[in-house]
Amino acid sequence: MIVVLAGAPGAGKGTHAARVAEVLDVPHVSTGDLLRGAVDSGTELGKKAESYMKGGELVPDDIMLSLVAGLLDSPEWERGVVLDGFPRTLPQAHGFDALLKERGRPLGRVLLFDLSEEAAVDRLSSRMWCPKDSSIYNLKTNPPATDGVCDVCGGPLERRADDEPETIRARFVEFRSATGPMIDYYKDLGVLTRVSTEGPIEDVSRRVREAAERLTAGDGVGDGR
Ligand code: AP5
């Protein structure tokens, strides 16, 4: 099954993508992580994406579509994939529809992680992450066992370059103007399920798991409102 995770910056997509993927027994991929990896390694993709990401802007649609088109035929995605952060504009959604149609593959569902902007900004302001394995922490709500050290790989934790206040504001502007119409599109298609990510992380984990389990049972539809 192909499942898209959508939601505002800081809504919890990265924190919960693995859980959804585990329930569906498919891999998960974050386009943000792919792009950050490309920037760190100085690839052509990274060179193209870096200035957009630094400014909190979206990377152009044609770049994102060719990135995903290249991955869609990989054997790892044969049984499906949880896509964290793609598509995130209306042109990307239309382009993704076309890519899936060419391959005779259906879009399973779009899970929209729903969180107030105020709560999301608060979470982003205290986020730390591991550039080596992309583990996500929060100094207030989900700290590592040892200050500044990744629990998983023991590497040093960092603040993400786009988590500065001005860049967070720019990312929300992009979310409202570019991702909003895409959310309306999926809602009109009847493939959108909203999952509230307000509240403590354990409660959200449970809600996300339940939503994923409903997908495997074939009734994860909800009404998208
Ligand atoms: P991307 O990496 O996808 O960033 P984003 O969408 O802005 O989302 P975030 O990763 O910031 O937040 P999240 O929802 O994953 O929240 P998280 O789980 O970390 O994209 C980055 C950039 O790449 C974009 O700006 C763009 O430039 C480019 N890009 C990527 N995809 C693109 C595309 N398709 N098209 C064009 N450009 C693209 O959680 C946040 C914090 O909250 C963490 O600290 C976490 O520990 C904490 N937390 C989580 N849940 C809870 C809870 N319930 N209670 C308390 N704290 C919690």
Side-chain angles (χ1 to χ4, degrees), residues 3-43 45-47 49-56 59 64 67-68 71 74 76-77 81-86 88 111 113 115 119-168 170-172 175 195 197-209 211-212:
V3 170
V4 168
L5 298 188
K13 303 180 295 297
T15 300
H16 298 290
R19 187 165 306 277
V20 177
E22 183 188 286
V23 173
L24 299 177
D25 196 22
V26 296
H28 65 96
V29 171
S30 151
T31 45
D33 285 345
L34 290 181
L35 292 169
R36 279 184 288 278
V39 170
D40 282 352
S41 340
T43 64
L45 170 67
K47 283 179 198 153
E50 188 170 14
S51 61
Y52 297 103
M53 296 176 78
K54 267 195 178 150
V59 174
M64 296 312 299
L67 173 66
V68 171
L71 292 166
S74 63
E76 293 81 24
W77 289 24
V81 65
V82 173
L83 281 172
D84 162 3
F86 175 91
R88 70 173 77 192
L111 296 182
F113 285 4
L115 181 69
V121 170
D122 185 49
R123 289 181 188 178
L124 290 177
S125 310
S126 43
R127 171 166 63 184
M128 299 295 283
W129 80 297
C130 174
K132 205 165 153 199
D133 65 17
S134 302
S135 298
I136 301 167
Y137 300 88
N138 192 285
L139 295 176
K140 292 185 194 163
T141 59
N142 182 28
T146 307
D147 268 2
V149 178
C150 177
D151 292 349
V152 180
C153 73
L157 299 181
E158 291 178 5
R159 269 182 71 71
R160 252 171 59 176
D162 58 354
D163 278 348
E164 294 308 316
E166 198 178 317
T167 319
I168 292 175
R171 287 160 64 203
F172 274 95
F175 175 71
V195 180
T197 55
E198 300 279 352
I201 209 157
E202 301 75 24
D203 294 358
V204 176
S205 286
R206 183 182 39 77
R207 282 199 290 276
V208 170
R209 175 172 283 281

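The structure displayed is predicted, hence computed values, not measured ones. Both backbone and side-chain heavy atoms feed into the values below; hydrogens, waters and symmetry mates do not.
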Going by distance alone, is a donor N or O of one side chain under 3.5 Å from an acceptor N or O of the other, for S126 and N138? yes
Does S41 reach the main-chain N or O of T43 with its side chain, forming a donor-acceptor pair under 3.5 Å? no
dist K140:NZ -> D122:CG (nearest 0.5 Å) comes out at 3.5 Å
Those residues at least two apart in sequence (or on a different chain) that pass side chain to side chain contact (heavy atoms under 4.5 Å, CB included) with V152 are D133, S135, Y137, C150
Open item on the list: I want to check something: taking the side chain as every heavy atom from C-beta on, are R127 and R159 in contact at a cut-off of under 4.5 Å?
Closed with: no
*Mind checking whether L24 and V82 have side chains closer than 4.5 Å, heavy atoms only?*
yes
On a heavy-atom basis, the closest approach of A11 and T197 is O-OG1, 2.8 Å
Here the gap from D162 atom CG to L124 atom CG, rounded to the nearest 0.5 Å, amounts to 8.0 Å
Margin query: Salt bridge or not between K54 and E50? Use side-chain N to carboxylate O under 4.0 Å.
Written below: yes
Under 4.0 Å between a Lys/Arg side-chain N and an Asp/Glu carboxylate O for D40 and K132? no
In short, A120 meets P9 closest at the heavy-atom pair CB-O, 3.3 Å
**Side chains of P143 and M128 in contact at under 4.5 Å (non-hydrogen atoms)** = no
A119 and E198 have their tightest heavy-atom pair at CB-OE1, 4.1 Å
Nearest heavy-atom approach of R19 to S205 is CD-O, 3.5 Å
To the nearest 0.5 Å, atom CG of D163 lies from atom CD1 of I168 at 5.0 Å
**Study point:** Stepwise side-chain contact (heavy atoms from CB on, under 4.5 Å) test for F113 and V208
**Key:** CA-CA 9 Å; F113 285 4; V208 170; 3.9 Å; yes
Would a 4.5 Å heavy-atom cut-off, applied to side chains only, mark F86 and V29 as touching? no
_With a 4.5 Å cut-off on side-chain heavy atoms, are E76 and V81 touching?_
no
Rounded to the nearest 0.5 angstrom, the CG-CZ distance for D203 and R206 is 5.5 Å
Between G42 and K47, the two heavy atoms sitting closest are O-CE, 3.4 Å
Smallest heavy-atom separation, K13 atom then G7 atom, equals NZ-O, 3.1 Å
| task | Check step by step if side-chain contact (heavy atoms from CB on, under 4.5 Å) holds for S30 and S134. | result | CA-CA 10 Å; S30 151; S134 302; over 6 Å; no
Do other residues, nucleotides or ligands put more than 12 heavy atoms under 6.0 Å from F172 CZ? yes
ask   = Are the side chains of R123 and L115 in touch, meaning some heavy atoms are under 4.5 Å apart?
value = yes
To the nearest 0.5 Å, atom CG of D147 lies from atom CG of L157 at 9.5 Å
Working note: L111 + V4, criterion side-chain contact (heavy atoms from CB on, under 4.5 Å); need CA distance, chi angles, decisive distance, verdict. CA-CA 6 Å; L111 296 182; V4 168; over 6 Å; no
**OP:** For side-chain contact (heavy atoms from CB on, under 4.5 Å), just list the numbers for L83 and W77, CA-CA rounded to whole Å, side-chain angles, deciding distance to a tenth of an Å, and then say yes or no.
**Re:** CA-CA 10 Å; L83 281 172; W77 289 24; 3.7 Å; yes
- Item | Side chain proximity check, T31 to M64, heavy atoms < 4.5 angstrom | yes
Looking at side-chain heavy atoms only, is the closest gap between L34 and L71 below 4.5 Å?
yes
Here the gap from I136 atom CD1 to T15 atom OG1, rounded to the nearest 0.5 Å, amounts to 4.5 Å
